[in-house]
Amino acid sequence: MEPAGSSNGNGNYASDIVGWFEQVSENASLVQTETLGRILELNYGVEYLKKYLGDTKTQEMDACALESLYTSLVPLASHADLEPYIHRIAEGDTSPILTQQPITELSLRVYPIREGGRILEFIYSSKQFKTKGGITVGTATTHYYASEEFKIKQEKTKSFTCSPKEVISGGDYIQSTYCHFLLGLFYSDQVEFITSTFAYSLVQAFRNFEELWRDICNDIKEGTLSSIVTPIKMRKAVLDIISPNPNLAWKMENSCRDLEKQEWYGLVPKLWPNAKYVYSIMTGSMEPYLKKLRHYGGDLPLVSADYGSTESWIGVNVDPSLPPESVTFAVMPTFSYFEFIPLYREKQECFAMPINDDFIEGQPVPLSQVIIGQQYEIVLTTFTGLYRCRLGDVVEVSGFHKGTPKLNFICRRKLILTVNIDKNTEKDLQLVVDKGSQLLSKTRAELIDFTSHADVTNQPGHYIIYWEIKGDVEENVLGECCSQMDASFVDHGYVVSRRTNSIGPLELCIVEMGTFKKILDYFIGNGAALSQFKTPRCTRNQVLLTILNVSTIKRVFSTAYR
């Protein structure tokens with residue numbers, strides 16, 4: 001089912017889209033069957049499908065019968081299962097392997113496209129490279145910003161973003177961030193909202209602004225560009241836009257001095273008085289940054305972006321007025337063909353279950369058969385050549401919008417902390433850190449960021465949680481935080497192991513200020529884009545562990561379970 005045809009006005013077009021969404025939601029089960037039929041029709045005869053479906057004339061089959069045949073014969077797949085096929089495409093094999101349409105780009109991430117208005121958008125391109133077969137590889141953000149579509153939008157609607165493409169593709173996130181702020185303040189009265197892909201990027205940018213604002217205000221006053229920005233094309237693009245504006249600089253300087261006294265509370269509405277909201281991905285691993293983002297945003301609403309993945313868009317935020325912690329995503333039944341694997345946690349009284357079995361799985365069910373309150377792993381069949389691919393995201397069904405389920409994102413499936421029989425996910429860790437960091441309210445200190453590591457080099461193995469804190473905290477308070485976190489893990493395997501001392505006391509390591517910036521620099525230096533960066537919540541990476549351990553200035557151990 002396609003959206004209604006073109007309209008003469010934006011209001012009518014928006015109404016058409018809403019009406020179409022309501023229609024496909026109402027008929028989600030039927031739409032899903034039709035979506036799978038279209039996917040298989042478009043990709044009929046590709047190598048991967050022929051392996052399981054043979055020469056079955058799927059295009060001649062009844063849609064419901066085809067759905068049953070497909071889910072019974074084509075197996076569930078992981079990314080590792082599909083890697084050999086993707087490798088052949090990257091090497092230049094042009095035969096119909098996964099799709100009938102030729103693949104010219106490989107994306108590493110997806111990115112929401114927004115239209116209209118002057119936007120202060122903290123967006124960054126990373127490097128692209130070519131495979132032996134001539135396929136361009138990079139993040140989806142990079143593909144988009146380098147595309148003709150983006151160029152046309154920039155030419156036709158100068159208000160799409162404050163920054164020109166030379167700033168977005170500058171290659172150095174510090175220099176690009178400086179220019180984003182300079183141009184964002186230059187256009188301060190025109191900015192309608194502030195955005196970046198992830199909440200982390202916004203918080204990181206505003207932290208940088210606390211140090212850069214004097215230079216930025218001077219550049220606004222003089223119509224110049226700081227020497228911190230070195231690329232010739234970037235400098236020219238920015239200097240072609242700005243001009244001396246002493247009155248604006250004076251206004252911004254006074255605002256920043258006031259904000260500095262208030263620890264930068266309400267930075268966004270103070271500097272961008274016409275901004276209506278802050279928009280970003282704020283769920284999942286981004287939730288720890290909401291407190292700081294609210295601090296910067298003051299009374300402005302935080303609007304959580306829609307739910308997507310590298311592989312496909314999944315759901316839309318049907319109630320953007322809700323706080324990010326309460327947001328649910330209505331599955332869009334035309335995006336892909338969705339299946340859901342029921343997941344169950346079972347308290348283990350013995351050590352029989354292998355440690356990599358973080359959940360007990362049921363049989364996959366279609367979108368129409370999910371149950372409210374049940375957790376699932378999402379399985380995708382996409383138009384772009386993924387067939388029954390396990391996404392790795394754990395979601396919970398919170399209700400239904402018409403006939404399509406509304407999902408809460410819970411966590412990534414992968415276990416991140418385990419020593420022996422203990423099984424803790426990113427969400428488990430996040431809840432524990434939330435409880436421990438609440439004790440910092442006794443002080444003026446602030447938790448900047450965190451990660452963790454399961455140390456099994458010594459026996460008994462134990463968890464290490466690394467905190468970067470702004471402000472001074474007495475050691476006894478840190479000890480309370482550490483013990484609180486240790487006692488807050490509810491996984492049965494962890495509790496039993498702590499009681500029997502087969503897992504040692506939790507260790508809390510305080511790292512010096514700027515440590516997580518070093519981790520960011522490491523990832524950026526290895527080709528990651530800031531707009532796509534997520535702090536790893538658990539790491540076995542020896543380079544990162546070296547950075548963390550060298551930067552550790554204080555260690556405390558839990559006294560829980562004594």
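This is a predicted model, so every value here is computed, not measured.
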Holding to ring-ring contact (aromatic ring centres under 6.0 Å, His included), I want the full list of residues that pass it with Tyr466, two or more places apart in sequence or in another chain.
none
For a salt bridge (charged side-chain N to carboxylate O under 4.0 Å, His left out) check, start with the C-alpha distance between Arg555 and Glu507, then their side-chain angles and the critical distance, and finish with the verdict.
CA-CA 7 Å; Arg555 297 175 186 267; Glu507 180 180 0; 2.7 Å; yes
Side chain to side chain, Leu271 and Cys256, heavy atoms closer than 4.5 Å:
yes
Is there a side-chain contact between Val511 and Asn549 (heavy atoms, below 4.5 Å)?
no
Which heavy atom in Val167 sits nearest to a heavy atom in Leu183, and how many Å separate them?
CG2-CD1, 4.4 Å
Under 6.0 Å from the CD atom of Glu512, do we count more than 12 heavy atoms belonging to anything else shown?
yes
What I'd like to find out is whether the side chain of Pro231 reaches to under 4.5 Å of the side chain of Gln175, using heavy atoms alone.
yes
Taking atom NZ of Lys435 as the centre, report whether more than 12 heavy atoms of other residues, nucleotides or ligands fall under 6.0 Å from it.
no
Sequence-distant partners of Tyr289, ring-ring contact (aromatic ring centres under 6.0 Å, His included), two or more places apart:
Tyr200
Could you tell me whether the side chain of Glu446 and the main chain of Lys470 form a donor-acceptor pair under 3.5 Å?
no
Tell me, do Tyr279 and Ile194 make a side-chain contact under 4.5 Å, heavy atoms counted?
no
What's the separation between atom CG in Leu386 and atom CG in Leu380, rounded to the nearest 0.5 Å?
7.5 Å
Please determine whether the number of non-hydrogen atoms from other residues, nucleotides or ligands lying under 6.0 Å from atom CG of Asp299 exceeds 12.
no
Do Glu166 and Lys236 sit within salt-bridge range, that is, some charged N less than 4.0 Å from a carboxylate O?
no
Pairwise side-chain contact, Val229 with Cys179, heavy-atom cut-off 4.5 Å (strictly under)
yes
Above 12 or not: heavy atoms from other molecules or residues under 6.0 Å from NZ of Lys233?
no
Start with the C-alpha gap between Phe450 and Phe516, add the side-chain angles, then the distance that decides, and say whether ring pair (Phe, Tyr, Trp, His ring centres under 6.0 Å) holds.
CA-CA 8 Å; Phe450 68 92; Phe516 282 85; 8.0 Å; no
Is the NZ or CZ atom of Lys292 both under 6.0 Å from the centre of the six-membered ring of Tyr296 and within 45° of that ring's axis?
yes
Please evaluate residues Glu260 and Arg214 with respect to the criterion salt bridge (charged side-chain N to carboxylate O under 4.0 Å, His left out), reporting the C-alpha separation (whole Å), side-chain torsions for both, the decisive distance (0.1 Å), and the verdict.
CA-CA 12 Å; Glu260 200 170 35; Arg214 291 178 178 83; 3.4 Å; yes
Can you tell me if Glu468 uses its side chain to pair, donor with acceptor, with the backbone of Thr515 under 3.5 Å?
yes
Answer yes or no: are there more than 12 heavy-atom neighbours, outside Lys221 itself, under 6.0 Å from its atom NZ?
no
Aromatic rings Tyr463 and Phe489: how do their planes relate, parallel, tilted or perpendicular, breaks at 30° and 60°?
perpendicular
Any side-chain donor near an acceptor of the partner, Asn208 and Tyr173, under 3.5 Å:
no
Close side-chain approach of Leu508 to Met485, heavy-atom, < 4.5 Å:
yes
More than 12 heavy atoms of other groups within 6.0 Å of Asp472 CG:
no
Parallel, tilted or perpendicular: ring planes of Phe181 versus Phe209, cut at 30 and 60 degrees
tilted
